[in-house]
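Keep in mind that this is a model prediction, so the values were computed, not measured.
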Amino acid sequence: MTKITVKHLRYFDALARNRHFGRAAEASSISQPALSLQVKELEDILGAPLVERGARQISLTTLGEEFALRARDVLRAVDELGALARASTGPLSGRLRLGVIPTVAPYLLPRLMRALSGRFPDLDLRPREAVTPKLLRDLGEGRLDLALLALPAGAPSLVEHPLLEEEFLLVRPERAADHPVPALEELRKMQLLLLEEGHCFRDQAIAVCKLSPGLTGDIMEGSSLATLVQMVGAGIGVTLIPEMAATVEGRAAPVVLHRLREPRPSRTIGMVWRRSNPLSDRFVDLAEGLRVALAA
């Protein structure tokens, strides 16, 4: 009798996440017919349909929805068993899936990768950039091992290890170079540019400027810090960026950067991972090594 395999679960999980055979096959690096065959074989083993197949997209049956949740638990446990084996064989090695928020990735990731490759030459680092809610979801579901984001993450199931603290800088057009630096409460009266919904730095900027959520509807938005800085350089308004972005973004447009008045707003960047991960002790050492490297 054919039995359910991890391969069945991984392919069905990809389909459940993507709700499309083509995208699921691409995410799984196999052909669409091969993925479809694996899912059909899984349904035959179970003796019940998991998927309702439409002309353009699919939906999961009631059993499919429940099965997808259970399959993710199994896949997470399988990955953690692999991590447990790695934990007993010396230094960190093999695949390490690292999620990074967009306001950190372009500025810190190259340094982190150099530091990690020097300390752990057998480590296969797989970085992925995404906004905080997606990183936390993928961590919880076992699709990431670590995430680099702004603390606190606010999830009791995660370990948080601070790496650095940095200030927010005010970005204004070059013509404002000699103008006094405004107080935080004055920013509410200016044309403030913010990142799109979903970015934690947007929420931090709103909190720093004490903006009411109901007053942010008319605020202009950008998809990245680079876009915001270019908009400021074009004379559209002002924005805030984290200090780590100053060197790259400050010279990419005709803008000036200023430290804000006391008390200067800041954020803490840190590494987070699941408490249940068997490599948790190793991740503490890894994160501490990165903290020291970044401080240097």
Side-chain angles (χ1 to χ4, degrees), residues 6-7 9-10 13 17 69-166 200-201 204 242 244 266-296:
V6 173
K7 183 167 66 173
L9 298 184
R10 291 203 186 280
D13 179 57
R17 293 178 187 280
L69 295 176
R70 301 294 181 90
R72 284 169 197 161
D73 290 339
V74 172
L75 291 172
R76 182 168 58 246
V78 168
D79 288 341
E80 289 181 350
L81 285 173
L84 184 61
R86 285 187 288 153
S88 64
T89 57
L92 279 174
S93 61
R95 184 186 65 176
L96 188 69
R97 301 163 299 177
L98 172 65
V100 190
I101 56 175
T103 57
V104 167
Y107 317 110
L108 206 58
L109 190 54
R111 292 173 60 191
L112 292 184
M113 292 186 73
R114 286 194 296 270
L116 287 176
S117 64
R119 290 192 62 193
F120 307 102
D122 296 324
L123 198 62
D124 178 18
L125 189 63
R126 305 283 184 89
R128 184 194 313 163
E129 183 179 312
V131 294
T132 299
K134 178 167 176 51
L135 294 184
L136 293 178
R137 184 169 62 250
D138 286 351
L139 264 179
E141 294 178 357
R143 294 172 62 82
L144 286 174
D145 301 304
L146 296 162
L148 188 62
L149 43 76
L151 302 180
S157 61
L158 298 178
V159 177
E160 301 183 4
H161 194 102
L163 298 182
L164 62 91
E165 186 163 340
E166 60 173 351
C200 62
F201 193 75
Q204 293 159 356
M244 70 171 66
S266 64
R267 68 173 182 174
T268 301
I269 298 299
M271 199 79 80
V272 301
W273 59 87
R274 296 185 306 280
R275 291 187 185 278
S276 62
N277 195 309
L279 293 174
S280 186
D281 290 343
R282 302 290 186 89
F283 289 165
V284 171
D285 294 338
L286 180 149
E288 184 59 21
L290 289 178
R291 187 191 66 77
V292 173
L294 293 173

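- Checked for salt-bridge contact, Arg128 and Asp138 meet the test: a charged N lies under 4.0 Å from a carboxylate O.
- Judged by distance alone, the side chain of Arg275 and the main-chain N or O of Pro156 form a donor-acceptor pair under 3.5 Å.
- Contact of the Leu108 side chain with the Leu163 side chain is not registered, since no non-hydrogen atoms from C-beta on lie closer than 4.5 Å.
- The shortest side-chain heavy-atom distance between Ile101 and Cys200 falls under the 4.5 Å cut-off.
- Under the 4.5 Å side-chain criterion, counting only non-hydrogen atoms from C-beta, Leu146 is not in contact with Asn277.
- With a 4.5 Å cut-off on side-chain heavy atoms, Arg70 and Val74 do not count as touching.
- A salt bridge is defined here as a Lys NZ or Arg NE, NH1 or NH2 lying under 4.0 Å from an Asp or Glu carboxylate O, and Glu141 with Arg17 meets this definition.
- Between the side chain of Arg76 and the backbone N or O of Gly140 there is at least one donor-acceptor pair closer than 3.5 Å.
- A 4.5 Å side-chain heavy-atom check between Val159 and Val272 finds every atom pair outside the cut-off.
- Nearest heavy-atom pair across Leu9 and Ala71 is CD2-CB, 4.1 Å.
- In this structure, Phe283 and Trp273 have perpendicular ring planes: the angle between them is above 60°, well past the 30° mark.
- In plain terms, the two heavy atoms of Ile269 and Ala150 that are nearest each other are CD1-CA, 4.0 Å.
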Q: List the steps and the verdict of side-chain contact (heavy atoms from CB on, under 4.5 Å) for Leu149 and Leu136.
A: CA-CA 10 Å; Leu149 43 76; Leu136 293 178; 4.0 Å; yes
Q: Could you give me the CA-CA distance, side-chain angles and deciding distance for Leu116 and Leu286, then say whether side-chain contact (heavy atoms from CB on, under 4.5 Å) is met?
A: CA-CA 8 Å; Leu116 287 176; Leu286 180 149; 3.8 Å; yes
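- Looking only at side-chain heavy atoms (C-beta outward), Glu166 and Leu164 come within less than 4.5 Å of each other.
- Among all heavy-atom pairs drawn from Ala115 and Leu290, the shortest one is CB-CD2, 3.9 Å.
- Heavy atoms only, all atoms of each residue included: Val104 and Met244 are closest at CA-SD, 3.9 Å.
- Between Arg267 and Glu165 no salt bridge is recorded (no basic side-chain N to carboxylate O distance below 4.0 Å).
- To the nearest 0.5 Å, atom NE2 of residue His161 and atom OG of residue Ser280 are 11.0 Å apart.
- Put simply, the side chain of Glu160 never gets that close to the backbone of Met271: no donor and acceptor are under 3.5 Å apart.
- Listed here is the closest heavy atom pair of Glu129 and Pro102: OE2-CB, 3.5 Å.
- In this structure a side-chain-to-backbone donor-acceptor pair under 3.5 Å is missing from Arg72 to Arg143.
- A salt bridge does not link Asp124 with Arg95: none of the charged nitrogens is closer than 4.0 Å to a carboxylate oxygen.
- The minimum heavy-atom distance linking Leu139 with Ala147 is given by the pair CD1-CB, 3.7 Å.
- Ion pairing between Arg10 and Asp13 fails under the 4.0 Å rule for side-chain N and carboxylate O.
- Looking at heavy atoms from C-beta onward, Phe120 lies out of side-chain contact with Leu96 at the 4.5 angstrom threshold.
- Between Leu98 and Leu144 there is no side-chain heavy-atom pair separated by less than 4.5 Å.
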